[in-house]
A.B. asks: 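This is the structure, below, for whatever I ask next.
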Amino acid sequence: MGAVADYNARYGPWAMVIGGSVGLGEALARELARRGMNVVITARGQDKLDLAAKRIRADFGVEAKTIAADLSDPAILDLLLAGLAGTEVDFLIYNAALEHGGEFIVQDMDRHLANIHVNCTVPTVLVHHFARRMAARGRGGIVISSSLAAAQGLYAWSSYSASKAYENLLAQTLWYELRPKGVDVTSFMIGSTYTPNFQHNQKVRQTPFAESRTPADLPEGTQVPQDPQDAAQGLFAQLDKEWLPMVYANPRDEENARRLAALTLAERVTLTSDAVRRSFEAAPGAKDGKAQLM
Ligand SMILES: NC(=O)c1ccc[n+]([C@@H]2O[C@H](COP(=O)([O-])OP(=O)(O)OC[C@H]3O[C@@H](n4cnc5c(N)ncnc54)[C@H](OP(=O)(O)O)[C@@H]3O)[C@@H](O)[C@H]2O)c1
């Protein structure tokens, strides 16, 4: 990697990554540490947080703190503030998400409401709190992880894709509103990424990437999921230069999105949903509907 920007000088000393213990979230926290920021990483599992924090301290010589908290907890903001113990957050990444999937009416309502809570309500609450303080200080950075699933309705991911569209538009609006106040914001558009969560879902459905990111004898035309580190580096390479309302994790995702955008909406929803439906139907247990539960 070549030279990177100094985010400690640009934004301040502390970043917080919500969902920063493994996979993409850990890779994002490491990019902030590489740019000179101390990091607070949050997740539910303390062991993985501890491991990621230890690696960050060893590799980048910055401070790394952890807060174990569940985003479904109604007191999540207070829990995070207690864990921060007065540390101001100069850069916030909302990366964690709930991804309950399955056909809309087959799923129980609590699963849809859980998606909406963790992917819409909680990022709104956290971003509102921390963005106000950043604006008062006249500097800050905020990244909200969205998804290519946000670009159109998607079979089996109704409330998930809708919640990711919410995050995408929230970030884009804040890019406009907060820029004059010195706070940079972007929506991070992510396509399939080989995280532990992604791999777990592949295992549940026994789909091609269950064991390896680059399996042999992949069906023709199947795109290999990106490495989380490449996705995080792709984002920050762009942010080092310029903040846009939305940044794709890599050029391939952007090209795919551009190609899809050229279709009619009906074609787009059908094409992407057919692909997901085929992958659900190919999964063992699909006939009794179990494969739809993720
Ligand atoms: N992976 C993909 O293919 C893909 C594709 C498109 C978009 N995305 C988006 O990319 C982001 C990261 O996705 P990912 O699933 O691949 O995960 P990841 O970044 O590899 O890991 C998710 C992080 O969030 C934490 N987390 C999950 N649920 C939580 C909860 N209820 N409360 C607190 N922390 C929680 C996890 O730790 P604990 O489990 O210990 O809590 C972990 O640290 C998400 O916004 C997702 O929508 C991913």
Side-chain angles (χ1 to χ4, degrees), residues 16-31 39-53 55-56 66-77 79-80 83 93-101 111 113-123 125-126 143-151 154 157 159-168 170-171 187-202 204-205 207 209 213 223-232 234-235 246-250 252-253 256-257 272 276 279 294:
M16 179 160 71
V17 181
I18 305 295
S21 63
V22 297
L24 188 55
E26 180 186 10
L28 293 167
R30 291 176 64 81
E31 289 311 304
V39 291
V40 180
I41 51 176
T42 86
R44 288 164 300 186
Q46 186 68 61
D47 290 354
K48 286 179 183 150
L49 281 170
D50 288 342
L51 190 62
R55 283 199 206 119
I56 287 171
T66 67
I67 304 175
D70 189 335
L71 294 164
S72 307
D73 193 313
I76 186 64
L77 177 59
L79 292 174
L80 294 176
I93 300 186
Y94 194 88
N95 171 68
L98 263 195
E99 297 176 42
H100 292 316
R111 289 165 60 87
L113 295 180
N115 278 346
I116 293 165
H117 185 70
V118 170
N119 306 347
C120 301
T121 305
V122 180
V125 168
L126 299 191
V143 173
I144 301 178
S145 289
S146 181
S147 168
L148 295 186
L154 194 57
W157 298 113
S159 55
Y160 171 74
S161 65
S163 71
K164 290 279 131 184
Y166 175 86
E167 288 180 305
N168 182 33
L170 175 68
S187 165
F188 185 25
M189 283 305 255
I190 302 158
S192 62
T193 310
Y194 206 62
T195 62
N197 187 34
F198 178 90
Q199 194 180 9
H200 170 77
N201 290 338
Q202 295 279 313
V204 169
R205 287 155 52 196
T207 32
F209 302 106
R213 190 175 82 84
Q223 293 194 332
V224 171
Q226 68 193 326
D227 183 282
Q229 186 180 312
D230 293 343
L235 169 70
M246 183 171 86
V247 176
Y248 286 90
N250 67 49
R252 184 187 78 185
D253 288 347
N256 285 343
T272 52
V276 174
S279 85
M294 289 175 40

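For ligands, and for the atoms within them, numbers begin at 1 and follow the listed sequence.
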A.B. asks: Under the criterion side-chain contact (heavy atoms from CB on, under 4.5 Å), which of Val40, Thr42, Asp73 is the partner of Leu80?
C.D. replies: Thr42
A.B. asks: Under the rule for salt bridge (charged side-chain N to carboxylate O under 4.0 Å, His left out), what residues qualify as partners of Arg252, not counting sequence neighbours?
C.D. replies: none
A.B. asks: Taking the side chain as every heavy atom from C-beta outward, state whether Tyr160 and Ser147 have any atom pair closer than 4.5 Å.
C.D. replies: yes
A.B. asks: Can you list everything that forms a side-chain hydrogen bond (donor to acceptor under 3.5 Å, both in side chains) with Asp227? Sequence neighbours excluded, please.
C.D. replies: none
A.B. asks: As a test of reading the model: which residues have a non-hydrogen atom less than 4.0 Å away from ligand 1?
C.D. replies: Gly19, Gly20, Ser21, Val22, Gly23, Leu24, Gly25, Ala43, Arg44, Gly45, Ala69, Asp70, Leu71, Asn95, Ala96, Ala97, Glu99, Ser145, Ser146, Ser147, Tyr160, Lys164, Ile190, Gly191, Ser192, Thr193, Thr195, Asn197, Phe198
A.B. asks: Tyr194 and side chain to side chain donor-acceptor pair (under 3.5 Å): which partner among Arg213, Gln199, Gln226?
C.D. replies: Gln199
A.B. asks: Report the residues that fulfil ring pair (Phe, Tyr, Trp, His ring centres under 6.0 Å) with Tyr94, sequence neighbours left out, ordered by chain and then residue number.
C.D. replies: none
